[in-house]
Amino acid sequence: MANQLYSDSTRVILERLIEKEKYPMKVVPFSAFEKHGKLPRSDDGLAVSYREGMNVIFVSHRWWNTLSEIPNPDVPPTKKSANLKHYIICKTVNRGRKTGLFDSFDTKEEIYLWMDFACIDQDNPENKLKGVQSLTSYIARSDVMLIPMRGTFSKEVHLTKNYGERAWCRLECFIFTVIERAKSPMVPPRLFFVGTKKGHRVGNYRFLDKYRPSKGQVTLESDIPAIKEIESEAIELMGFSLIEFGLADWLENDNAKLKIKKQLLGDVHMEMLADKISNVVDSNLELSGKLSLHLCSNLISSVGVQSLLELGIKDRIVGIDLYENNIGENGLLAIANFLKQSECTLSKLRLELIPGGCSKAVSVAFAESLKVNQSLCELSLGDNNIGGLEGVSICTSLASNSTLKKLDLSKNRIGVKGAKGIATFLESNTGHLSFTHLFLGYNNLGSTFKERMNAWKKLNPESNVVVEPSPPLDV
C-alpha cells in the first residue's frame, strides 16, 4: 500500500517535470555516435526524436576546448589526443554493455545518448535557450548519467577537479540525483558512471548545501539566474517526493518518526507536510498522538514554523525536531507563544543550534510559556547561546510546571554566576519539582555547582541534574 501510494505520487511529479520541456528532446543512437568518430554537433544530423521506452544515457561533461575561436567540447583534432572524449564515451558504453554495468535497461536494445553539443541546437540562440531550460525534463527521461573525465578524479563527482567545481556540471549531477532519489528515496543513486581512458568507476554526488549548483563556477555570470531557477525546481521535487514517501511509509508501517534530515527542505515543503498530515489525522483519529517529525539541518524559516505549528493541536503530532534550522528569532518566538495556548498538544520539542541562538527576548518568552504550558514533556534549547540570567529564568519556570520532565540547556553560556542562581533555586524548592532530567553540560558551571548538586540529589532522588556531556534528547 505504501509503495503504491508513493509510486502514484512520484509518477505525477515526474510527469510534471517532463511537462516542463520547452524544446523537443533529441538523442543520438550510440551506433551512429560511435561510427561518427568524433563528438557530433547538432547540425551533423545524427540526432533523432526521443520516444518513450528508449534506453538513454545522459552525458554530463565539461567542455575541454573553450579558448579556441570555435569552442568544442573535445580535444582539438590538431592535438595528439584528438577526440579523446569521444573515445572515452565509446569505451565506457561498450564496457558497460558487456559487463552489465548498465543494469537499469536492456543493453541488447539500441542505446541512445543525450549530449548538449549534439542534441541542443548550437546555432539558434532561442532554441538553445529552450534546450537549456528543458534540462530537467531531459534528465527525467534518462536512465544513466555518464561523465567522461581525463586525469585523476574522485568517486565523489562534485569534488573532481575540472568538473565538480563547475556550476552547470553540478546542476546536471544535482538534478539526476534528485530525480533518482524521487524514484527511490531510501536507496542512494549509483548510476553515475565516470569514464576515463584507462577505465571507469561508479561515482556519487553528496547532497550538501555548500555543493549547490548555484554556488559553483560559471564562465558567464548571466547563467546564474537560469541555474538557480532549475536548481529550485529540483529541490522542490526532491522535498515533495521525500515527504510523500515518508507519509506513505508512516501509514503503511505505523512508524512513530518521520525523518527527513539535511535535504534542503524549505517552507513550501512544510506547508505541504502540514496539510497532508492534518487531512490524514483529522479523518482517522486512530493516527493521532503518535507521529514525531525529525527535520534537522534543513532550510526551514519562521514561515515554515507557522505551518508546523498547525500540527501542534488536536494531537496531530507528538513532537518536532528543528535542530539547525534557521528559524530565527521570529520562529522561536512563534513557538514560545504557541506553547502558551491551551490547545497546544505538543509533548516534545528539539530546538538546538538555531542560527543566531536564543536572544534575551526569546529566553524570557520560553520561561513565561513553560509556566503555563501543560503538554510539553521534553524541551531542548541546547547550543543556543543562552546566558546565565536567561538560563536561571528558564529553570525557575520548573517551579510552576508539573508536566515537563526533561529540559536540555547544555552547550550554552550559563557560567558560574548562572549556575549559582540555578543551584539556589533548586535548593529552595527541594521536594517540590517534577522534572526528571535537567541537562546542563558544557556550560562552565564550576566545581562548586557540582558539589551542591551532589548534595541536592540526595534529597531529590527522582530528579537528575546532569552536568556531564550527554546525548541529545530523542524527540
Taking side chain as C-beta onward, heavy atoms only, is Ile89 less than 4.5 Å from Phe33?
yes
Measuring from atom CE of Met115 to atom OH of Tyr138, what distance do you get when rounded to the nearest 0.5 angstrom?
15.5 Å
Strictly distance-based, threshold 3.5 Å: is any side-chain N or O of Asp267 a donor or acceptor partner for the main-chain N or O of Ser301?
yes
Measure up the Phe58 and Trp114 rings against each other and bin them: parallel (under 30°), tilted (30 to 60°), perpendicular (over 60°).
parallel
Between Glu231 and Arg170, is there a side-chain N and carboxylate O pair less than 4.0 Å apart?
no
Tell me, please, which residues at least two apart from Tyr163 pass ring pair (Phe, Tyr, Trp, His ring centres under 6.0 Å).
none
Give the minimum heavy-atom separation between Glu21 and Met25, together with the two atoms involved.
OE2-N, 3.4 Å
Sub-3.5 Å donor-acceptor pair from the side chain of Asn284 to the main-chain atoms of Val280, do we have one?
no
Just verifying a value: how many Å separate Leu39 CG and Tyr87 OH, rounded to the nearest 0.5 Å?
14.5 Å
Start with the C-alpha distance between Leu409 and Asn384, add both sets of side-chain angles, then the distance that settles side chain to side chain contact (heavy atoms under 4.5 Å, CB included), and finish with yes or no.
CA-CA 8 Å; Leu409 295 177; Asn384 274 315; over 6 Å; no
Sequence neighbours excluded and cut-off under 3.5 Å, please list the side-chain donor-acceptor pairs for residues 350-358, or say none.
| unit_1 | atom_1 | unit_2 | atom_2 | d |
| --- | --- | --- | --- | --- |
| Arg350 | NE | Glu352 | OE2 | 3.1 |
| Arg350 | NH1 | Asp321 | OD2 | 3.2 |
| Arg350 | NH2 | Glu352 | OE1 | 3.4 |
| Glu352 | OE2 | Ser380 | OG | 2.8 |

Would you find a donor on one side and an acceptor on the other, under 3.5 Å apart, between the side chain of Ser232 and the backbone of Glu229?
no
Ile230 to Ile175 - nearest heavy-atom pair and separation
CG2-CD1, 3.3 Å
Any donor-acceptor pair under 3.5 Å linking the side chain of Glu126 with the backbone of Asn124?
no
Flag yes if more than 12 heavy atoms outside Lys228 fall under 6.0 Å of its NZ atom; otherwise flag no.
no
Scan side-chain atoms only and decide if His269 and Asn298 contain a donor-acceptor pair under the 3.5 Å cut-off.
no
Side chain to side chain contact (heavy atoms under 4.5 Å, CB included) evaluation trace for Leu295 with Tyr323
CA-CA 7 Å; Leu295 304 168; Tyr323 173 91; over 6 Å; no
Could you check whether Asp123 pairs with Arg41 (Lys NZ or Arg NE/NH1/NH2 to Asp/Glu carboxylate O, under 4.0 Å)?
yes
Rounded distance [0.5 Å steps], CZ in Phe176 versus CG in Leu135:
13.5 Å
Leu247 side, atom CG; Asn279 side, atom CG - distance, nearest 0.5 Å
10.5 Å
Would a 4.5 Å heavy-atom cut-off, applied to side chains only, mark Leu293 and Leu311 as touching?
yes
Check step by step if side chain to side chain contact (heavy atoms under 4.5 Å, CB included) holds for Asn412 and Asp383.
CA-CA 5 Å; Asn412 281 297; Asp383 213 347; 5.6 Å; no
Glu343 atom CD: more than 12 heavy-atom contacts under 6.0 Å
yes
Do Ser292 and Ile320 have side chains that approach each other closer than 4.5 Å (heavy atoms only, starting at C-beta)?
no
Quick one: closest heavy-atom pair of Pro213 and Ala167, and the distance?
O-CB, 3.2 Å
Looking only at side-chain N and O atoms, does Thr219 offer a donor or acceptor that is under 3.5 Å from a partner on Arg166?
yes
Please confirm whether the backbone N or O of Arg62 pairs with a side-chain atom of Lys85, one donor and one acceptor, at under 3.5 Å?
yes
Please walk me through it: do Ser31 and Glu110 pass side-chain hydrogen bond (donor to acceptor under 3.5 Å, both in side chains)?
CA-CA 8 Å; Ser31 55; Glu110 176 70 272; 2.9 Å; yes
Looking at Tyr442, I want to see if its OH is surrounded by more than 12 non-hydrogen atoms of other residues, nucleotides or ligands under 6.0 Å.
no
Counting N and O atoms only, with roles assigned by atom type, does the side chain of Lys290 sit under 3.5 Å from a partner on the main chain of Glu286, one being a donor and the other an acceptor?
yes
Distance-only, no hydrogens or angles: does the Ser347 side chain make a donor-acceptor pair with backbone N or O of Cys377 under 3.5 Å?
no
Considering all heavy atoms of both residues, which atom of Ser410 and which atom of Asn443 are nearest to each other, and what is their separation?
CA-ND2, 3.6 Å
Find the distance between CE (Met238) and CD (Gln263) and round it off to the nearest 0.5 Å.
4.5 Å
Within the distance-only criterion (no hydrogens, no angle test), does the side chain of Ser278 pair as donor or acceptor with the backbone N or O of Asp275 below 3.5 angstrom?
no
Pair Leu381, Phe366 - check side chain to side chain contact (heavy atoms under 4.5 Å, CB included), show working.
CA-CA 10 Å; Leu381 293 171; Phe366 271 100; 4.2 Å; yes
Does some side-chain heavy atom of Pro29 sit less than 4.5 Å from a side-chain heavy atom of Val48?
yes
Does the Arg316 side chain pair with the main chain of Gly289, one donor and one acceptor, at a distance under 3.5 Å?
no
Ignoring hydrogens, what is the shortest heavy-atom contact between Asn83 and Lys38? Give both atom names and the distance.
OD1-CB, 3.5 Å
Give a yes-or-no answer on whether the side chains of Glu329 and Ser359 include a donor-acceptor pair shorter than 3.5 Å.
yes
With Trp168 via side chain to side chain donor-acceptor pair (under 3.5 Å) - residues at least two apart
Asp223
Between Leu309 and Ala334, what is the shortest heavy-atom contact and its length?
CD1-O, 3.7 Å
Compute the ring centroids of Trp63 and Phe117, then answer whether they are less than 6.0 Å apart.
yes
With a 4.5 Å limit on heavy-atom distance, are the side chains of Ile224 and Val218 in contact?
yes
Within 6.0 Å of NZ in Lys215, more than 12 heavy atoms from elsewhere
yes
Within the distance-only criterion (no hydrogens, no angle test), does the side chain of Ser375 pair as donor or acceptor with the backbone N or O of Leu346 below 3.5 angstrom?
yes
Mind checking whether Asp116 and Val59 have side chains closer than 4.5 Å, heavy atoms only?
no
Hey, does Ser307 have a side-chain heavy atom less than 4.5 Å from the side chain of Leu273?
no
Determine, for Glu390 against Arg413, whether the closest basic-nitrogen to carboxylate-oxygen distance falls under 4.0 angstrom.
no
Report yes or no: do His294 and Lys261 form a side-chain donor-acceptor pair below 3.5 Å?
no
Flag side-chain contact, heavy atom, 4.5 Å: His36 against Asp44
yes
Under a plain distance cut-off of 3.5 Å, with no hydrogens placed, do Gln341 and Asn373 share a side-chain donor-acceptor pair?
no
In Å, rounded to the nearest 0.5 Å, how long is the span from CG of Asn385 to NZ of Lys360?
11.5 Å
